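Please read these numbers as outputs of a predicted model, since none were measured by experiment. So you know, we letter chains A, B, ... as the sequences are listed, proteins then strands, and number each from 1.
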Protein chains: 2
Amino acid sequence: MATTMSDVARAAGVSVMTVSNVLNGKPRVSAATRQRILDLVDELGYEINLSARRLRSDRTGSIGLIVPRFDHPYFGELAAQLSRLLAATGRHLAVEQSDASKEAELAALSMARLQTYDGVILSVVGLDHDDIDRIRPSLPVVLLGEQNMPRRFDQIHMDNVEGARLATAHLLERGARHVVLAGGGDEGHASMMTLRTRGWRAAHEDRGAALPPAGILTLEEFEMDCARVRVRDRLRDDPSVDAVFAITDQVAVGAMAGIRDAGLRVPQDVQVVGFDNLALARHVTPALTTIDPENAWIVEQAVALLDRRIDDREKDPEHLVSPVRLVERGTTRPR
Amino acid sequence: MATTMSDVARAAGVSVMTVSNVLNGKPRVSAATRQRILDLVDELGYEINLSARRLRSDRTGSIGLIVPRFDHPYFGELAAQLSRLLAATGRHLAVEQSDASKEAELAALSMARLQTYDGVILSVVGLDHDDIDRIRPSLPVVLLGEQNMPRRFDQIHMDNVEGARLATAHLLERGARHVVLAGGGDEGHASMMTLRTRGWRAAHEDRGAALPPAGILTLEEFEMDCARVRVRDRLRDDPSVDAVFAITDQVAVGAMAGIRDAGLRVPQDVQVVGFDNLALARHVTPALTTIDPENAWIVEQAVALLDRRIDDREKDPEHLVSPVRLVERGTTRPR
DNA sequence: GTGAAAGCGCTAACAT
DNA sequence: ATGTTAGCGCTTTCAC
């Protein structure tokens, strides 16, 4: 069996309460007793049982992050940043995958699993307003997502429309006449996809440019494989396409491969802009022009919101929009 | 307050034990009572308190995976596969980051954090044999790693030497005369790096080929940025380099960018082989020839080992070596 | 400064 | 088929 607090207490000849007080940094303990207990803790290899602490008091020092998928680099980067930030305040992060399916995401949100955390940051994908509304968490939750979400939650979303508008406007400015939107679509509720599609439209409207025919290339998944094949085929069908705004950097990398498959060059024949500014974006050749969602800002705000909510469960929910900016690299032509 | 079992019991007019039995699928409960309780659970929105269950009985249905970094795609892919596999048996995965530093990794391994899991899969980086040996987990742990690890743990490692040998031999076979090892090194204990370096050496010895002078390009980090710059500089210094064996796919992608920066072509001027077979490897241009570590196999075995150990804490530890194979793509020349 | 008592929500073991 | 008892390891409260 693992060493418990009462083992330490017995060895030190004190009560468990004194051990608990020492371990929690409570003030009213003599220096001598404190030191003796600390030594014993080391010697016996005592480690607190977080389940017991949690059962009695809340507070585990753990924050949960629920993401749709572990193997999407965007979430990997988000998790890494969040982890670093939390470490600064002595807490740590556990990441769980919701699998982007409604059932899995709801299961991930089940209080049972969440209770082990002091608070949870939930990246909402695949849930609509009503699904989320059914969730009545008894612990602080911050929502990260694009769709319309119940106002009673603290939430952060990217400025998807503006980002997509910037991306598309940049392409049009650089001489593109026919900007295909890879991974776009108007179906369903407000989502990353529909919002970015809206931005692509808006950029055309802003300049009085006509939307290209069949300009939206739908994708089953926002993955490289899929994007590569669809973009290649689209270019073969229609040589007038001279630019791709890809809904994510992953799609953009797939699109770049597809463009090459079609025997064309980036950016001379076809320009490309992505969205996410993944680490990867700097390292493909040519380096990818993309929209930076300011993850550092998002992460910082998410923790701030969580902390404020942990502090005051009744505070008014906040609704933040992250700034976005265009990062110009080599997949678009110089002015 | 959240609904507890006794709330449900009171509402159903039964004891908490009956509720517990229903929720745990115990057989000796009448169908009528079971249904009544299930309905009430729904109605009251009851969710089990895992901390309480854990405190009493072990079993949370959660498995922990500790990885050095969230933002390395290799671990993202590993976690995703593991998550999928565990879901099949009704369990779920939480991933924690150890940050690749010794302190952080030891902290991640502290029983306090691990106790919330039924078992833990630990990807060991930055710890040597003695550090790991200091760990006396009271719960099942499977080690994933390359260095020499205490035999009392169940463990899995890749066949790094063989993989590196395959990669290097392939380059030599395809006419390479000067294979630089990007990210290699002999320093420190057995590690992914030193083992792959050994394989690179062995392939040369096998063919009676001399090792190139300054053939090992050390890298501070196995990251694209770093690899790109170092490879570019190396090629500029020494035009005789005609191949790069990159210690990881990430390094390989960086190397490919560096080769282009130096004004050379892949694979005509410089061939490249990576290691990991990330999803990314198929989508760079040209597609990356690499070593596949058979992650699916690793994940499957890790869960099997964990389950066997959960079943029998006293069983003899097992020590598995994953098979590796070469995946030939476009960064090496056809035969 | 230290400790005794009570109990968080659950389940194992043993009644009935 | 259902209930009773006890207790997991900790913290809260209150007493000394």
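Taking side-chain N and O atoms only, B:S6 has no distance below 4.0 Å to OP1 or OP2 of C:dC10. In terms of phosphate contacts, B:S20 brings a side-chain nitrogen or oxygen within less than 4.0 Å of OP1 or OP2 of C:dT11. The side chain of B:N24 contributes an N or O atom lying less than 4.0 Å from OP1 or OP2 of C:dT11. Phosphate proximity of C:dA12 to B:K26: present, with a side-chain N or O under 4.0 Å from OP1 or OP2. The phosphate of C:dG3 has OP1 or OP2 within less than 4.0 Å of a side-chain N or O from A:T18. For the OP1/OP2 pair of C:dT11 and a distance below 4.0 Å, the side-chain nitrogens and oxygens of B:R56 include no atom meeting the criterion.
Between A:L44 atom CG and D:dG9 atom C1' there is a gap of 16 Å when expressed in whole angstrom units. As a whole-Å value, the separation of B:M5 CE from C:dC8 P is 15 Å. Residue B:E47 contributes atom CD, which lies 20 Å from atom P of C:dC8 at whole-angstrom precision. One atom, CG of A:L55, and another, C1' of D:dG7, lie 12 Å apart when rounded to the nearest Å. What separates CZ of A:R10 from C1' of C:dG3 is a distance of 16 Å, to the nearest Å. Between the CZ atom of B:R54 and the C1' atom of D:dG7 there is a distance of 17 Å, given to the nearest Å. Nucleotide C:dT16 holds its P atom 17 Å from the CE atom of B:M17, rounded to whole Å. Following rounding to the nearest Å, A:R28 (CZ) and D:dT12 (C1') show an atom-to-atom distance of 16 Å.
Electrostatic pairing of B:D7 and B:R10 counts as a salt bridge here, judged by a charged N lying under 4.0 Å from a carboxylate O. Using a 4.0 Å cut-off between charged side-chain N and carboxylate O, A:R151 and A:D133 make no salt bridge.
Screening B:R309, B:R308, B:Q155 for a side chain to side chain donor-acceptor pair (under 3.5 Å) involving B:E318 leaves a single residue, B:R308.
Of the two residues near DNA chain D, B:V16 and A:T3, the one whose nearest nucleotide lies more 5' is B:V16.
The local environment of CZ in B:R313 is crowded, with over 12 non-hydrogen atoms from other residues, nucleotides or ligands closer than 6.0 Å. Other residues, nucleotides and ligands place no more than 12 heavy atoms under 6.0 Å from the NE2 atom of A:H189.
The side chain of A:S30 lies closest to C:dG1, out of C:dG1, C:dA13, D:dA1. With distances taken from any side-chain atom of B:S15 to the nucleotides D:dT4, C:dC10, C:dA12, the minimum falls on D:dT4.
Contact annotation for B:T33: backbone-only contact, meaning every heavy-atom pair under 4.0 Å involves sugar-phosphate atoms and none involves a base.
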